[in-house]
Q: 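Before I ask anything, here is the structure I am working with.
Numbering of residues begins at 1 and proceeds along the displayed sequence.
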Amino acid sequence: MASSRRPLSPSEIGERLRAQFGEDVRSSDDVFGHAVVTVGPERFEEMATFLRDEPDLDFDYFDFLTGVDYRPKGRGFEVVTHLYSTRLNHHVRLKLECDAEDPHCPTLSGIWPGANWHERETWELFGVMFDGHPHLVKLVLPEQFEGYPLRKDFALMTREAKPWPGGVEGADEEVAT
């Protein structure tokens, strides 16, 4: 017998999450056909587990996780997780707002093992701590590297003004005759 399960629209995904989590769903939007849901840290792991385990949602594929630095706009950091249901062909982006000074996010590596490296990379490049992560160590940068290069306030060497060590081209050159 064929399954009657079908893809849910972004608004239906938002409605299911609001029915389960109420006011802990801070926002729910349709962005280019994907549900985009913002949640607080206290229900982040629980909501992720619900998205994976609820048969009508069935988000079995962890696509990616990354960070966004909104501090220049007066906010903190945001952790963005994209999930996909391979069986139902629908998407959700789960967002979590983090503190500007001391960003923390619960780990999802126990729910989706594929989150492990994404969380390590986000910690390493943005400085977001993933509470409960089993092995939060550098993944891409050398151990001696200091700072978080994807933060907006990270001083990139290409942005630093440096004095030119040589002379001006053409000045003090003798014309050979």
Side-chain angles (χ1 to χ4, degrees), residues 3 5-21 24-70 75-99 102-143 145 147-152 154:
S3 172
R5 297 187 326 161
R6 61 172 179 77
L8 298 178
S9 70
S11 61
E12 289 174 312
I13 292 170
E15 289 168 13
R16 299 279 174 108
L17 292 173
R18 283 196 192 282
Q20 182 71 22
F21 297 97
D24 291 320
V25 175
R26 295 182 179 173
S27 68
S28 176
D29 299 299
D30 178 342
V31 179
F32 301 112
H34 294 186
V36 178
V37 179
T38 304
V39 64
E42 57 282 344
R43 305 288 301 269
F44 186 67
E45 287 176 282
E46 184 183 354
M47 187 176 292
T49 302
F50 181 78
L51 286 165
R52 182 193 65 190
D53 295 345
E54 179 62 29
D56 288 339
L57 297 171
D58 196 18
F59 286 101
D60 58 329
Y61 182 75
F62 175 91
D63 192 11
F64 69 83
L65 177 145
T66 191
V68 181
D69 183 354
Y70 283 115
R75 294 172 43 202
F77 291 89
E78 189 171 75
V79 172
V80 180
T81 305
H82 187 263
L83 307 171
Y84 177 68
S85 173
T86 60
R87 294 174 193 91
L88 299 176
N89 192 28
H90 53 221
H91 304 258
V92 67
R93 266 192 309 273
L94 190 58
K95 293 185 174 186
L96 173 70
E97 295 174 353
C98 300
D99 184 68
D102 188 24
H104 282 260
C105 177
T107 185
L108 297 179
S109 62
I111 301 167
W112 290 283
N116 185 310
W117 280 28
H118 293 263
E119 291 174 351
R120 285 174 57 191
E121 181 182 56
T122 302
W123 162 73
E124 183 177 11
L125 300 177
F126 286 96
V128 176
M129 292 298 300
F130 287 89
D131 300 327
H133 192 282
H135 193 61
L136 204 57
V137 297
K138 289 193 176 188
L139 180 66
V140 208
L141 299 171
E143 277 302 316
F145 189 91
Y148 304 106
L150 291 185
R151 285 188 174 192
K152 301 286 186 189
F154 185 79

Q: Indicate the atoms forming the closest heavy-atom contact of Val39 with Leu96, along with that distance.
A: O-CD1, 3.2 Å
Q: Can you name the closest pair of heavy atoms from Gln20 and Arg43 and give their distance?
A: O-NH2, 4.2 Å
Q: Who are the side chain to side chain donor-acceptor pair (under 3.5 Å) partners of Arg16, not counting sequence neighbours?
A: Asp56
Q: Could you tell me the separation between the CG atom of Leu83 and the CG atom of Leu108, rounded to the nearest 0.5 Å?
A: 8.0 Å
Q: Going from CG on Leu65 to SG on Cys105, what distance comes out if it is rounded to the nearest 0.5 angstrom?
A: 6.5 Å
Q: What is the ring orientation for Phe77 with Phe126, classed by angle as parallel under 30°, tilted 30 to 60°, or perpendicular over 60°?
A: perpendicular
Q: So which atom in Arg120 and which in Lys138 form the shortest heavy-atom distance, rounded to 0.1 Å?
A: NH2-O, 3.2 Å
Q: Closer than 3.5 angstrom, by distance alone: can the side chain of Ser85 be matched with the main-chain N or O of Asp58 as a donor-acceptor pair?
A: yes
Q: Check whether any side-chain heavy atom of Leu8 sits under 4.5 Å from a side-chain heavy atom of Leu88, and report yes or no.
A: no
Q: Is the distance between the ring centroids of Phe59 and His91 under 6.0 Å?
A: no
Q: Using the six-membered ring wherever Trp is involved, compare the ring planes of His118 and Phe62 and label them parallel, tilted or perpendicular (cut-offs 30° and 60°).
A: perpendicular
Q: State the CG-CZ distance between Asp24 and Arg18, to the nearest 0.5 angstrom.
A: 10.5 Å
Q: Measure the shortest side-chain to side-chain distance between Leu51 and Leu17 over non-hydrogen atoms and say whether it is less than 4.5 angstrom.
A: yes
Q: Do the side chain of Asn89 and the main chain of Pro7 share a donor and acceptor less than 3.5 angstrom apart?
A: no
Q: With rounding to the nearest 0.5 Å, note down the distance linking CD in Glu54 to CE in Met47.
A: 12.5 Å
Q: Is any side-chain heavy atom of Asp131 closer than 4.5 Å to a side-chain heavy atom of Pro41?
A: no
Q: Show the nearest heavy-atom pair for residues Ser109 and Pro134, with the distance to one decimal.
A: OG-CD, 3.3 Å
Q: Decide yes or no on salt bridge (Lys or Arg N to Asp or Glu O under 4.0 Å) for Glu45 and Arg52, but give the supporting numbers first.
A: CA-CA 11 Å; Glu45 287 176 282; Arg52 182 193 65 190; over 6 Å; no
Q: Would you call the rings of Phe50 and Phe21 parallel, tilted or perpendicular if under 30° counts as parallel and over 60° as perpendicular?
A: perpendicular
Q: Nearest 0.5 Å, please: how far is CD in Glu124 from CG in Leu150?
A: 9.5 Å
Q: Kindly give the heavy-atom pair with the smallest separation between Cys98 and Val79, and that separation in Å.
A: SG-CG2, 3.9 Å
Q: Would you compute the distance between atom CH2 of Trp123 and atom OG1 of Thr107 and round it to the nearest 0.5 angstrom?
A: 13.0 Å
Q: If we count only N and O atoms by modelled type, under 3.5 Å, do the side chains of Tyr84 and Asp60 hold a donor and an acceptor together?
A: no
Q: So which heavy atom on Gly127 is nearest to which on Pro103, and how close?
A: O-CG, 3.6 Å
Q: Should His90 and Glu12 count as side-chain neighbours, where that means a heavy-atom distance under 4.5 Å?
A: no
